Amino acid sequence: MSETELLLWVRGPALQIATVIFLLGVVVRLAEILMLGRKKDFAEARGSAVAGGLRTILSRTIPDRGTLQRSTFNVVAGYIFHIGFFVVLFLFAPHILLFQDVTGVSWPSLPTPVVDATAVVTMIALLAVLAHRLLDPVMRFLSRFQDYLVWLVTILPVATGYLAFHRVGVAPPTTLITVHILSVELLMVIFPFTKLMHTFTLFMARYYNGAISGYRGVNS
Amino acid sequence: MTRINNDSEFRIALDALDPARQRQVAARFVENVLALCSDERIARVLRVAGNSESSEDALAEALKTARATTFDCHTRCGSEGDWAEQAGYFVARAATAALTPIGQMPSGPAWQAALSSRMAQTSQSIVTGDDTAGQESNQQYRILSEFLES
Amino acid sequence: MSASLERGLNAFKGQIDAPVAAFFSSCVRCGLCAEACLFYTETDDPTLTPIHKLEPLRRVWRQEYTFWGKLAKAVGLSKPVTDEELTEWEPLVYDSCTMCGRCSMVCPVGNEIAYMIRKMREGMAAAGHAPTDLIGATQRAVTIGSPMGVKLPALQAQIRHAEAELGFSIPVDVEGADYMLLLSSMEIMNFPEFISAIARIFKHANVSWTISSEAFEATNSGIQIGVSEIAAELVERIVTAAGKLKVKSVISPECGHAYMAIRWEGPNLIGRPYDFKVVHILELLDELREQGRLQTTGKETQRLTYHDPCQISRRGGVVQQPRNLIDMVAGDFVEMPETGTMNWCCGAGGGVSANERADELRLQVFKRKKKQLDAIHPDALVSACSNCRIYLEDGLEENGMDMPVLSLTETIAEHLAGSEQPGSKD
């Protein structure tokens with residue numbers, strides 16, 4: 001297969017397959033959770049579960065003061081790479097064109113130099129969190145193979161995208177872009193089977209948390 | 001001798017005493033029920049409490065010992081309670097109260113010592129089945145009256 | 001697989017609901033829960049990270065309720081949960097966790113870890129992996145009616161003693177009273193003055209109340225150990241008594257887990273709503289205060305701070321009421337750094353204090369409370385849970401801290417205005 005053929009396949013059928021696996025996988029995972037259901041609460045409510053749930057979805061985004069003080073690195077580095085990843089994925093003009101192709105929806109982009117700088121910051125943050133995961137006793141203890149795998153499939157799209165954009169001379173541009181797209185497809189395919197699902201399930205988890213507390217009149 | 005007939009008079013008389021005298025009479029309340037406590041540390045701390053010459057340091061040390069004894073004598077959450085042993089716990093609590101500085105206890109340390117001593121008696125009565133309600137209070141009225149005379 | 005292990009695994013399965021699945025799906029192994037848990041912060045032991053305490057439950061979830069997990073199990077590629085593992089996990093679930101819920105407040109993805117610990121205990125107990133001390137307490141609760149073996153004659157003696165001190169009678173088995181008071185065995189045995197304090201307050205405020213001779217125990221050992229059938233039976237006794245006496249409300253006394261048990265878990269354990277309301281004593285006292293029925297006199301001059309019992313405050317929702325009450329009697333009050341729903345656990349609740357094996361750890365983690373106190377230098381500590389109270393006393397004594405621990409209800413009673421006090425100070 002020539003380079004062009006490979007790129008066409010990667011951009012075409014492979015992307016379609018990856019998207020199907022991604023969407024199907026996410027839907028199945030979400031269904032697996034929702035199907036388990038939740039028992040009705042017969043205790044007399046003090047507050048609103050729904051209001052509590054919705055509130056916690058938003059409020060849990062902000063760490064409490066104690067956590068911020070005790071785990072500053074974790075919180076700050078975590079936010080940097082999450083926000084950075086979001087910016088690079090959704091606010092980069094070529095990506096937005098791709099989304100427009102598929103969904104018909106488009107939105108404003110950030111200037112490319114800004115996205116470029118963000119990509120660098122994101123990669124540095126990701127390297128830093130890996131170091132932290134390896135060095136911090138609690139994180140090292142908690143981490144499994146999956147945590148390192150997920151780290152890898154998260155940094156690869158950012159790194160390969162950066163290389164492709166800058167046409168870094170390690171390989172011809174076609175190869176660079178092929179590798180980049182492949183890395184994205186890898187992320188998509190792995191996504192539903194790992195903790196990356198937190199992207200969607202955290203809304204549910206935060207909701208349930210806030211609902212349980214809200215029912216009792218506590219803001220969690 | 002001023003006769004004390006009820007808790008109202010009892011408490012008023014107690015509150016009128018200065019801290020050192022409150023401590024000494026409280027020690028006597030506890031001594032009256034000391035037999036219900038098998039921990040010998042309490043006898044020791046009561047001697048310190050009852051002594052008008054006891055230094056601040058000695059009192060503080062005695063208070064620490066009384067608190068430690070109280071905890072050692074308590075019935076652990078969820079364990080099988082024994083009311084005879086619980087009597088010892090209340091004696092220890094009474095001793096702790098006797099040695100607690102005024103102001104640290106909302107109810108007044110000497111009054112608390114009296115209450116805990118009565119509770120020690122009640123505890124014992126649960127074991128024996130005797131109805132001893134009021135007995136310890138009457139004895140305490142007498143002890144206080146005698147103390148006020150001395 | 002042994003029969004007991006199978007029972008345990010089935011219990012784990014049965015406990016997994018949508019929230020649990022959402023929580024395990026979302027955990028990104030960030031470790032922030034560790035820094036919120038006093039058992040980790042005071043020991044630096046990573047195995048005491050809250051989410052790690054749930055590992056066997058997580059694997060059961062994965063193997064039973066996820067596609068890949070089920071597939072892996074079917075082809076023999078998954079790691080089964082074993083008896084050895086549950087033995088290893090027993091101290092993590094029972095000795096180093098009070099279900100205080102602080103972890104649940106900080107998890108960035110929203111995991112309610114304490115909720116899951118409660119559920120995990122169901123499986124642990126079913127598998128025969130609960131601490132022996134808790135098993136004994138639960139047995140006594142079922143057969144005698146009290147985990148500490150307190151029988152009715154003992155309570156009656158305490159009541160008679162209180163009546164002698166008060167000069168008026170305490171209502172027992174009064175049909176049609178508004179409120180039915182429960183008492184924890186800890187209170188009856190270790191802090192019986194609570195009974196007279198409540199009686200004085202209720203007389204002062206003209207509250208119509210009673211104690212039931214058939215169901216006076218507030219402590220629910222079934223919840224501590226994690227056996228819902230027993231927990232339900234203990235609740236049913238209270239429900240029956242409340243129905244018999246036709247009371248409007250049941251009062252939960254100064255005991256944290258008792259409140260959680262009767263107020264929030266109770267109706268769900270018995271599968272139906274109550275015919276009566278449940279109030280914590282602090283809620284009732286605050287209502288009386290609001291209605292102007294609680295008149296106090298004088299203020300404590302010593303510097304006071306308040307320890308929030310976790311099950312009442314963070315897990316129970318009674319946060320402001322104790323503060324309103326303390327305000328009535330405190331001349332000098334200071335909040336702990338990190339207070340209210342983010343206050344730190346005393347380290348003794350949820351069955352930990354009943355478990356002798358956990359004594360050393362409990363005293364070690366008290367240092368977290370010590371740090372809070374060292375920051376504000378109070379003269380005395382006020383709380384509203386007899387378990388917190390006595391184990392805080394233990395911790396204070398162990399650390400050479402000269403500070404009394406006061407019951408909020410008793411303190412209020414001491415400051416009541418009017419003639420309810422023998423020789424009351426004005």
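Nothing here was measured: the structure is a model prediction, and the numbers come from that model. In the text below, chain A, chain B and the rest are named by the order of the sequence lines, each starting its count at 1.
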Distance-only donor-acceptor check, side chains B:Ser55 and B:Asp57, under 3.5 Å: no
Flag for C:Ser185-C:Ser146: side-chain donor and acceptor within less than 3.5 Å: yes
Six-ring centre of B:Tyr141, B:Arg3 cation under 6.0 angstrom, axis tolerance 45°: no
Cation over ring face, B:Arg41 and B:Phe71, 6.0 Å, 45°: no
Would you mind checking which part of [X] comes under 4.5 Å of any heavy atom in chain C, side chain (CB onward), backbone (N, CA, C, O), both or neither?
X	answer
B:Gln86	side chain
B:Gln121	neither
B:Leu14	neither
B:Asp72	neither
B:Thr75	both

Relative to chain B, which segment of [X] carries a heavy atom at a distance below 4.5 Å: side chain, backbone, both, or neither?
X	result
C:Ile188	both
C:Ser221	neither
C:Glu397	side chain
C:Met189	both
C:Asn387	side chain
C:Glu356	both
C:Asp402	both
C:Ile390	both

N-O pairing of [X] and [Y] below 4.0 Å:
X	Y	value
C:Glu414	C:Arg200	yes
C:Glu90	C:Arg357	yes
C:Arg389	C:Glu410	yes
B:Arg44	B:Asp39	no

Near-ring test B:Phe10/B:Phe29, centroid separation under 6.0 angstrom: yes
Check: C:Tyr391 ring centroid to B:His74 ring centroid under 6.0 Å: yes
Of all of [options], which one pairs up most often with chain C through heavy atoms under 4.5 Å apart?
options	answer
B:Gln112, B:Glu136, B:Arg93	B:Arg93
B:Leu115, B:Leu63, B:Ile126, B:Thr122	B:Thr122
B:Gly129, B:Gly134, B:Ala68	B:Ala68

Residue selection (most heavy-atom pairs with chain B, distance under 4.5 Å) from C:Glu393, C:Glu193, C:Arg160: C:Glu193
Within 6.0 angstrom of B:Lys64 NZ, more than 12 heavy atoms from elsewhere: no
